[in-house]
Every structure is written in C-alpha cells, then in structure tokens.
Amino acid sequence: MGRAETLALLAAGHVPERYRRNIGTIGAAGQARLLEAKVAVIGAGGLGGTIVELLARQGIGYLKVIDGDTFAAHNLNRQILATEHNLGMNKAAAAAARVTAINAEVTVDAVPAMLCADNAAGLLAGIDVVVDALDNIETRLILGRTASNLGIPLVHGAIAGFTGQIATILPGDPGLDRIYKLCAGQAKGIETALGNPAATPALAASLQVQEVVKILTGVGRPLSRQLLYFDTELNLFEIFTLG
Amino acid sequence: MRLEVRLYATLRQAAPASPDGVVPLDIPDGATVAEVLGLVKIDPADVRMIMVNGVAAELGRTLMDGDRLGLFPPLGGG
C-alpha cells in the first residue's frame, strides 16, 4: 500500500493494520499528520540511528537523513544501524536502507554529507521538524541558528556516559546557545572522557522521537523552553526551564 | 547564608564526600555563581549550564539564601 492510499483510508475512518497500535495515542488524524510530515534527522549514529528507526515505524511520511560519516568498529556498541557487515558504509545510506525495509510508505532521502554553515539552509528548506542527532557542539550551534532562521522546530538531544539531555526549541524559543552558552568554541563535551554506552543514546533518541510526534500531532506537551536532563547513574530525570 | 549545590555527571568528582552530588554550602551574603565555583573548586570552563532553582542562570547571578544551584558539564555526544 502506498502513502496516498493510506491517507485516503485514514480520511475515510479506516486504519491500516500497520498503524493500529499508534491510533489509541495519536488518533487517525494524528497518524495522517505524521504521514504528511517532513522530518530531517541530522546525524545517523547513536541517536540518529534509533531516531530514524522509530520515526519510520511511527509512520513519518518523509525523512531526510544527513550524515557524511561511515560506520567503524567503535560504533558497534551502541549505533543500532551499525553491523559487522556494513563497516565502512555511509551512515545516511544505511539509514535509508533500514527505513525502506521497515516501512515502504516512507519516502527517504539519504544525504551523505556533513551539515555545515554553507549547506544547512538548503538542506533544511521545506522541512517541518529537524532532529539534532549530532555528535559535536559546533555543528549543533550551526543547526540551531539555521532552524531558528527558517522557523523550523528543532528537537535537541545530546548524551555522554549515563547522562543525556533533550529539549524542543520551537520558533521564538531560547535557542541552543542557551544550553551551550559557556565555553564558546568547545567542540566536544564530557563524552570524550565518559564515552557512550549502549543504552544511553537509545534512551535519549526515544524521548526525542516522542517530541517529534507531539509537535506534529499536537498531542501532549512538548519540552518547549525546557530541558529534560537524565542521569541514570543516580536515576535522575529532571526538567529545567530555559527561559 | 545557606546554598544547596547540585553537581551533575563529571562535576560530582569535585565533591567526593557527596556521591549523590548534593553539597550544602555556607556562602557569604551576595555571593555570585562565579564565586561559588571558586569555593567548590570547579573551573568555570568545565561548566556548560547553570540552573538556579531549576531555571537557567548566568555566572554573574547573585544567589539568595536557600537557593538550589545546579551545575552541569557539557554533553556533546550523539
């Protein structure tokens, strides 16, 4: 079944079997909104791999996955798209293949390039929600400025060790510079010392996907102007106000 | 006056006697966040976010009796 056919069925009150377990939470109208939505995922590593997987299963109609990196053995501990058989493969291309295997109704574009100041606006034009699944602060700030300039909601996530943080930045909200305001020019965080164990990116990625679903369907309350911080070493889940 | 400092992730290493990262601290009246960092011997370069009573704040913020000061190192991984 194609996406147009599914949308026609949803409009007529019929829910295709593959989406039935979504409907109690977001409704048929919410599912239709997801199938009509365009989401860009920037980074297809630890966060991005799980984000792409879940967005495809949830039924986002269009995904653009941007990553110029290739899989290496040190990705295998946590990056759901990395396998012993695809080491050396571009991460965005692997994500696109996975999306197609999960849900052929999803149109997916793989961009095998790193997002940068020169290409960001062009790559994000026409996108409804952008997901920050990057692995460095410098590019995050470029992404944040671009999303703000284009008026696109941004779902931020970052991890290190047992810790992670998630924030939704709607147009007009305080931006990523509020989160990363000190130590300008520092490209990396404490993940250089703590590493990224298997479960942390999956946890943060799942919370980011819930934010995307809430933004697009209007169900629930996104983490706008807030930051959710978790530290599973001490079982802390706290929400802070960004202003 | 009395402050509750909450240290997150790697910043807890600055208070080995408080494994949960919660450090009660007596500070002079009118002390700023930057001055408290000196008292707990944390380099401002290691702090990315500052929260006072759960709300984002700046290094120059003057603290009040009973405030809860959260200090966070930068997370950049993905």
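Just so we're on the same page: letters track the sequence lines, and every chain starts at 1. Keep in mind that the numbers below use all heavy atoms, side chains included, and drop hydrogens, waters and symmetry copies.
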Minimal non-hydrogen separation, B:L75 against A:A158, with atom names
O-CB, 3.4 Å

Within the supplied structure, the quantity of interest is the number of heavy atoms (other residues, nucleotides, ligands) at a distance under 6.0 Å from B:M64 CE; does it exceed 12?
no

CG/A:D231 to OH/B:Y8 distance, rounded to the nearest 0.5 angstrom?
8.5 Å

Is there a side-chain contact between A:T241 and B:M51 in this structure, where contact means two heavy atoms from C-beta onward sitting under 4.5 Å apart?
no

Heavy-atom pairs under 4.5 Å with chain A are the metric here; pick the option from B:G77, B:G21, B:A57 that has the most.
B:G77

Please classify the contact of A:E238 with chain B as side chain, backbone, both or neither, using a heavy-atom distance under 4.5 Å.
side chain

B:A56 and A:R178 have their tightest heavy-atom pair at CB-CD, 4.4 Å

Where on A:L234 is there a heavy atom nearer than 4.5 Å to chain B: the side chain, the backbone, both, or neither?
side chain

Tell me whether A:K38 at atom NZ has more than 12 heavy atoms from other residues, nucleotides or ligands lying less than 6.0 Å away.
no

If you count every heavy atom of other residues, nucleotides or ligands that lies below 6.0 Å from A:R221 atom CZ, does the total exceed 12?
no

Here the pair of heavy atoms bringing A:N196 nearest to B:G78 is ND2-N, 4.5 Å

Between A:Y229 and B:F72, is there a donor-acceptor pair closer than 3.5 Å when you use the side chain of the first and the backbone of the second?
no

If you take all heavy atoms of B:M49 and A:L227, which pair is closest and at what distance?
CE-CD2, 3.9 Å

Going by heavy atoms in the side chains, are B:R48 and A:Q165 under 4.5 Å from each other?
no

